[in-house]
Every structure is written in structure tokens, then in C-alpha cells.
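Below is one structure; the comments refer to it alone.
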Amino acid sequence: MLIPILQDRLRSAVVAALPDADLSRVLIRPCTNPAHGDYETTSLMALAKERRMNPRQLAADVLARLDVQDLCEDIQISGAGFLNFRLNLAALQRAIQGAARGEHLFLTPASRPRTVVIDFSSPNVAKPLHVGHIRSTFLGDCLARIFRKLGHRVVTDNHIGDWGTQFGMLLLGWKTTLRRDALAADPFLEMERLYKEVNQRCKDEPGLRDQARAELVKLQSGDPENLAIWREMQKLSQAQFDSVYARLGVSFDVTLGESFYNPQLPGVVKELTRLGLARESDGAMAIFSDGSCPPKEDPFLVQKEGEWQPNPFLVQKSDGGFNYATTDLATLEYRLKTWAPDEILYVTGAPQQLHFRQLFATFRRWHPDTRCRLEHVWFGSILGEDGKPFKTRSGETVKLTELLEEAEERAAKIVAAKNPDLPAAEQQDIARRIGMGAIKYADLLPNRQSDYVFSWEKLLALNGNTAPYLQYAYTRTRSLQRKGAELGDLSAVTGTFVLAAPEELALVRHLINFGFTLESVIADYRPNFLCNYLYELAGRFSKFWENCPVLKAEDPAVRASRAALCEVTGRVLGEGLGLLGIETLDRM
RNA sequence: GCGCCCGUAGCUCAGUUGGAUAGAGCAACUGCCUUCUAAGCAGUGGGUCCCGAGUUCGACUCUCGGCGGGCGCGCCA
């Protein structure tokens, strides 16, 4: 909002002082320490350094050419060559006034919208969504919302695992021990039972594993009976996914599972072979290093026993079957052809980093002219409370639905204690929104690259830096609205905004950085920046709330300004929570 | 063995091209509900930013070397 304007002005001044400077590196950001002002740039020190110039002298040269009189008080050069900006009162008043009139919400939509495909969630057929899916699902959904808010075109794609080797076991189980009544009652439970049972029996009866494999081969070669069973499993699973996603408030533009790309797989391998990218190796088809980058950066090389050895990317198995590398390549090509995106994001776990490096490198060699940014938006592993990896294969997994139930129950108890007079239905609705919000926020708050320690207590905490705290701050703005409406004297601010109390100024100074925060989120794919921004906003609002009476203010102009400040804060909180996928409430 | 990631307060974690005095939550302790306000606010205590060297005007951040942990390393995804 104001940052892009200041940045443009700064760039004009820099280019006047240093005509050949790389302006993309001239940046303005909020001060890390408010004592230094509202915004700062450290770019001049970096520029001076690489040119062996005196940084303070450069800062002075730039300052002499800088025209920000309309926005800032006197600019200070400080330290080794910082430029510190302090907004003047009029600029703050204009900003908050524009927002109060509904002209903007401190953000400017992208001037050049990009098309972004986001691949996330990706559950497997016949398995319920569990804790292992929450990071991908919430991260992907949140990024999609923020890209859209900033004016970009987004395609969300749920790449469902509907064609893996698990179907061998499942088909065999289905044909031998399926219980129709159990399937009708709880499809996942029954399918899980089938899988586990066959898997267990395979350990004792060696022949069974071959039978399972045979079922898989039959399926993949188009056997009508197996296909029909597979379709039924797919349909049952999708119905379950749909209901969970509806509950989560997550939606997809397209749901194209792995099987969708099946017909294209042989062609992909044929094409890679024709181009000389893939070659036979131990009966499989694989892609090797082309030596185009240093060994250390080459995803097709690995160092073993002191030597660089091939680390190939397998696109076809020795039995002729295809694997996820093949599917991912076909998927990538389909997405480029269908949506012509500027960017494709893969929201999956850290362990898949090598896979995506190989995938992206292979694709670059396959389509060297395609300009599309490919990003693996990876996140840390989920650990148990003991710090050991949270394995999904063995041991019990916590299902997403169980997690939601627990969250709502805990929230319901608190609602009942705090607000026993509310109608039961409203209490339940409040508990639902709070429980869901708590889980989403707990998931989005940590840096995505950190490992995720699964903890009931933490996931469902309802105080401190949590969603309920933000939701509560929002309800305060609503309650003030209601009371103000009763009094009937809450009119829009007609004159100049009164911004005098430190709490008012601190609040406005934070509000205006909303857009900057959203830009930061999509630049690094890190929603936690938004969480921290909102937490800070709620904190500043609470201080304002404690110290600045609104409806009881003597001066009508102060009253109107503060009421509008509340209203705008509520809008930003509501919008911000909405972008995190978290619902707000009018009271709680 | 090699690669990726991590190591910050008692616990869980933030820390935005390297930037000024390293911040939250939880836990502990002390205050504040005849109020537009307590799912809140104010305050106290708590740190060799794993260790060591280097680059730099400046390092939690970058480089190198250790130590500790997690994950990955050819036909699962």
C-alpha cells in the first residue's frame, strides 16, 4: 500500500544517484525496531559495499534526490547507512480513511496477474485423511486463497493417489473377505481392514503376495471386473473426501488423480527415450546426469564411497510398469498444456525434495523452452510427542475427523463455561468454528520447514498465540458495532481522522502493512508470516481496546474515529483469518 | 559413507536480500472485572542463539570444520 509507493520513490532517487544500480534489490520494509521509525531500507549499504563506496555518503546522495515530503517526516540516515522513514500524520490519516470508506484494505492487487497451479492434499484412495495430510491441505488451501486475494489466477488440483500398488492387496481382499454391510457403514474402515488383513496374511503365506501382484497387473491391463471394483473404491473414497473437505472448508478446482494420466504414460517414456533423455538400466528406463551442472548440484549424482555415482530418475520399472516419476511428468505436461501457468506449486513433505529436484531437472531437459516456475513447497515431518517420526505405515494414525471431533469437544466445554446463556445450536456452531480454527492456526503458525510435533495440547490450545485469540479480538469489534448501533450515534468519519493516543497510532501503523504481509507470504510460500501479522494486530488492538474508550469518548470526532478504527481492524482481522481458512464469529 | 533439513529462554517455537538493544506462547510469580472490554490487559524472572574458526563496518542469519537429532539415498508415493 504505502510501501510500494515509498519503494518507487526510493528507486527513483537511487537511479538518479547510481544510474546502473539493480533496482530490484532496492527494498523497503517495516522497521525491525519501531524506535527507528516506520520503515527502513538497508539496500543502500549493500549497494555501497559492492561498489566500495562510503555507505553514509551514498545514503546522503540518495536522500538529496528523494522526494517523500508528502508521506514522511524528515528522513534520517543512521547507523552504518540505514535510511529510516517515519510516516507523517496526514499519510496515516489518509490511509485509514481510505480503508474506512471501503476504498481499499491496505493492499493492491497484482498489476500483472500470474496463473498458479497448486497441487496439494493428495490423499490415497481407500485411506482416510489423517494428520499426515493436514499440513499439505491447509498450506495449499491458504496459499491458494492469498494468491487469489492478490489478484492472481489459481488452479487448485487434488492429485489423488488412485493408482498405486496398494490396489493389489485391496483387490485381493475385496474378492475374498469383503463384508458389504461393513463397507456401507464405514467404507474406509472396511477397506483398511481388507488391506491390513491381506498384508498380514502375506507374511505367513508367501504365495499370497504374488496373487496380490497378479490382481494389480489385471487391473492395470484393464480387466473389467477389477476395474469395476477399483471404480467403486474410488467412488466411495471420493464421497468421504468430499465430506471432509466440505467440513474443512477446502475446495479444489480440479481433482485429477494419478489414474487420469495413465493413458499418457507409455508416450512419456517413449518420448524421453526418443530424445535420448531416458535409457535402459537394469531392465528399467532411467534418466541420468547430462553433466550440465556441478556434481554437488546435480540431482542425478550421488556421492558414495568418495566417488560421484549415478543417481538416476526411474521413469519405468523393469517389469514394464510406471511409477510416480512417470505420472508426475505426464501431470506436469498436462498442466502446462491446459492452463499455461506461470508457476506450479507442489505442497508435499520434505522427504520428497530429491524427487522434485529430479522431476524439475528432467522436465527442463525435456522442454527447455518452457518458462514456468516450478516450486516444491515442502514442509517438515510430523513427529510424535516423543520426537520420533510419526509413521503412518505402522502404528495408529490419528484420523482428521477424530482430530476435529476432539477440537470441537474441547471448544464446546469452554463455550458452555463462558457463555452458558447462548442457545445450544449457537454454542455448537461457535465450538465448531473455534475447534477448526485452532487446528488450522496451529498448523500454519510454525515455519513450514520445521518438523511438526504432533501434540493434542498444542493443536487444540485455546489461549495465547492461537486462532481463538484472533477470533476473540474480532468479536470485540463486532460487539462494539452492535452496541454502537444501539446507541445510534455511530456515523462514518466525516472530517479528519483523530489519531492521537499512542495505541491508535500503533494500530494504524500496523494495519497499513497488511498487503505487504500478504506479498511476503506468497513470495516465500509461508503463511506463518500472516499468522504473526494477525497476532501482532490483535495484540495492538487489545491494547487500544484497554486504553482508548470508544463509545464513552467525550469528543464525537474521537468517538467516530475510534469506532471506524475498530471497524477497519475487524475487517482486516476477518479478511486475514479468512485467508488462513479460519471462520470468524460475531460472539463467542 | 554422501545429500537435504534442524539445533535460539525450563518446554514449544518466531526471527523477512546479513542490520541497530534476539522476540512470542506455555509453565512460574504479581496486579487489574460495580467496565463499550477478562478466551483479555499490565508487570517480574528466565539466553555461552550447539561448539570452534573465517568473511564483514556489522553474523542467530553467509563460508568451512566439528558435535547432536530427523529424513532421504534405483524400480512405494
Side-chain angles (χ1 to χ4, degrees), chain A residues 24-25 27 29-33 35-36 40 42-43 45-46 49 55 78-82 122 124 161 164-166 258 281-286 296 299 301-319 321 323-325 327-328 348-355 357 378 380-381 383 387-389 414-415 417-418 434 445-447 449-451 453 455 457-458 461-466 468-469 471-473 475-476 479-480 482-484 487 516-517 520 523-524 526 528-529 531-532 535-536 538-539 542-543 545-547 549-553 562-563 566 588:
Chain A
S24 67
R25 290 174 53 207
L27 302 169
R29 63 167 184 216
C31 275
T32 46
N33 180 345
H36 297 122
E40 67 190 4
T42 58
S43 310
M45 290 184 283
K49 185 167 193 164
S78 63
F82 294 86
S122 312
N124 291 319
T165 39
Q166 77 267 30
E258 291 167 353
S281 169
D282 293 339
M285 294 302 290
K296 224 180 158 172
L301 290 178
V302 65
Q303 200 171 59
K304 274 182 186 162
E305 284 134 35
E307 285 179 33
W308 289 103
Q309 305 206 356
N311 188 33
F313 192 48
L314 287 142
V315 293
Q316 187 169 21
K317 300 190 280 184
S318 52
D319 66 2
N323 56 14
Y324 72 129
T327 312
D328 279 356
T348 78
Q352 296 187 47
Q353 283 176 100
L354 178 63
H355 167 73
R357 284 181 59 214
W378 58 269
S381 310
L383 308 176
K388 290 188 177 164
I414 295 180
V415 176
K418 300 255 180 199
I434 290 177
L445 179 62
N447 181 332
Q449 295 178 335
S450 307
D451 283 345
V453 177
S455 144
E457 196 178 321
K458 200 174 160 186
L462 303 177
N463 55 8
N465 189 355
T466 62
Y469 174 75
Q471 289 168 320
Y472 180 67
T475 64
R476 283 176 151 181
S479 114
L480 191 111
R482 283 194 300 273
K483 297 235 163 75
L487 296 175
F516 172 80
T517 304
S520 307
D524 290 337
R526 288 170 60 166
N528 65 308
F529 290 161
C531 295
N532 289 328
Y535 180 64
E536 174 78 19
S542 294
K543 289 177 180 72
W545 189 254
E546 293 284 329
N547 295 296
V550 179
L551 302 176
K552 288 187 173 176
R562 287 181 178 173
C566 261
M588 59 190 268

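Residue numbering restarts at 1 for every chain, and letters A, B, ... go by the order of the sequence lines. Being a predicted model, the structure only gives us computed values, none of them experimental.
Straight-line distance between the C1' atoms of B:rG3 and B:rG40: roughly 49 Å, to the nearest whole Å. Rounded to the nearest Å, the gap between the C1' atom of B:rU61 and that of B:rG7 is 14 Å. With P as the reference atom, B:rC64 and B:rC2 are 14 Å apart, rounded to whole Å. To the nearest whole angstrom, the two C1' atoms, one in B:rC29 and one in B:rU63, are 45 Å apart. Between B:rG65 and B:rC4, the two P atoms lie 11 Å apart (nearest whole Å). The separation of B:rA28 from B:rC11, taken at their C1' atoms, amounts to 12 Å, rounded to a whole angstrom. The gap from the C1' atom of B:rG74 to that of B:rC49 amounts to 41 Å, rounded to the nearest Å. Taking atom C1' in both B:rU21 and B:rA38, one finds a spacing of 32 Å when rounded to whole Å.
A straight line from CZ of A:R562 to P of B:rU37 spans 16 Å, rounded to a whole angstrom. Atom pair A:M45:CE and B:rG58:P shows a separation of 13 Å (rounding to whole Å applied). The interatomic distance linking A:F82 (CZ) with B:rU21 (C1') rounds to 13 Å, in whole Å. If you take CG of A:N311 and P of B:rG3, they are 13 Å apart, rounded to a whole angstrom. The distance from atom CG of A:L354 to atom P of B:rC4 is 11 Å, rounded to the nearest whole Å. Taking atom CG of residue A:N33 and atom P of nucleotide B:rG19, one finds them 13 Å apart after rounding to whole Å. Look at NZ on A:K317: it is 10 Å from P on B:rC75, rounded to the nearest Å. One atom, CG of A:N323, and another, C1' of B:rG74, lie 10 Å apart when rounded to the nearest Å.
The shortest heavy-atom contact between A:W378 and A:A350 is CE3-CB, 3.4 Å. Shortest non-hydrogen contact noted between A:N528 and A:P446 is CB-O, 3.9 Å. A:R25 approaches A:A46 most closely through the heavy-atom pair NH2-CB, 4.4 Å.
By the criterion of a centre-to-centre distance under 5.5 Å and near-parallel planes under 30°, the ring of A:H355 forms no stack with the base of B:rA77.
Ring geometry for A:H355 against A:F313 counts as tilted: the plane angle lies between 30° and 60°, on a 0 to 90° scale.
Of the two residues contacting RNA chain B, namely A:N465 and A:S318, the nearest-nucleotide position lying further toward the 5' end is that of A:N465. For A:E258 and A:P312, each mapped to the nucleotide of RNA chain B holding its nearest heavy atom, the one lying further toward the 5' end belongs to A:P312.
Across all strands shown, the partner of B:rC4 is B:rG70, judged by Watson-Crick or G-U wobble contacts whose two distances both fall under 3.5 Å. With a cut-off of 3.5 Å on both Watson-Crick or G-U wobble distances, the partner of B:rC41 is given as B:rG31. Partner assigned to B:rG54 is B:rC62, using Watson-Crick or G-U wobble distances below 3.5 angstrom. Nucleotide B:rC76 is matched to nothing when pairs are restricted to Watson-Crick or G-U wobble geometry with both distances under 3.5 angstrom. The base-pairing partner of B:rC13, taking Watson-Crick or G-U wobble contacts with both distances under 3.5 Å, is B:rG23.
At distances below 3.5 Å, not a single donor-acceptor pair connects side-chain atoms of A:R526 with backbone N or O atoms of A:S520.
Base contact: A:A80 has a heavy atom under 4.0 Å from a base atom. Heavy atoms of A:Q352 sit under 4.0 angstrom from at least one base atom. Heavy atoms of A:P549 sit under 4.0 angstrom from at least one base atom.
Every residue two or more places apart in sequence or in another chain was checked for a salt bridge (charged side-chain N to carboxylate O under 4.0 Å, His left out) with A:E546, and none qualifies. Every residue meeting the side-chain contact (heavy atoms from CB on, under 4.5 Å) condition with A:D319, not counting sequence neighbours, appears here in chain and number order: A:K317. Judged as a salt bridge (charged side-chain N to carboxylate O under 4.0 Å, His left out), and not counting sequence neighbours, A:E258 has no contacts. Partners of A:I414 by side-chain contact (heavy atoms from CB on, under 4.5 Å), not counting sequence neighbours, listed by chain and number: A:K418, A:L462.
At a cut-off of 3.5 angstrom, the base of B:rG25 holds no donor-acceptor pair with the side chain of A:T466.
Looking at A:N532 and A:L445, their side chains come closer than 4.5 Å, going by heavy atoms from C-beta outward. Looking only at side-chain heavy atoms (C-beta outward), A:N33 and A:E40 stay at 4.5 Å or farther from each other. At a threshold of 4.5 Å between non-hydrogen side-chain atoms, the residues A:F82 and A:T42 count as touching.
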At under 4.0 Å between heavy atoms, which parts of nucleotides 8-18 of chain B does protein reach? Answer with one letter per nucleotide, 5' to 3': B base, S sugar-phosphate only, - none. ----SSSS-BB
Protein-nucleic acid N or O pairs under 3.5 Å, nucleotides 38-46 of chain B:
| residue | atom | partner | partner atom | Å |
| --- | --- | --- | --- | --- |
| B:rA38 | OP1 | A:Y472 | OH | 2.6 |
| B:rA38 | O5' | A:Y472 | OH | 3.4 |
| B:rA39 | OP2 | A:K418 | NZ | 2.3 |
| B:rG40 | O2' | A:R476 | NH1 | 3.1 |
| B:rG40 | O2' | A:R476 | NH2 | 3.2 |
| B:rC41 | OP1 | A:Y469 | OH | 2.7 |
| B:rC41 | O4' | A:E546 | OE2 | 3.3 |
| B:rA42 | OP1 | A:K543 | NZ | 3.3 |

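At the phosphate of B:rG25, OP1 or OP2 sits under 4.0 Å from a side-chain N or O atom of A:Y535.
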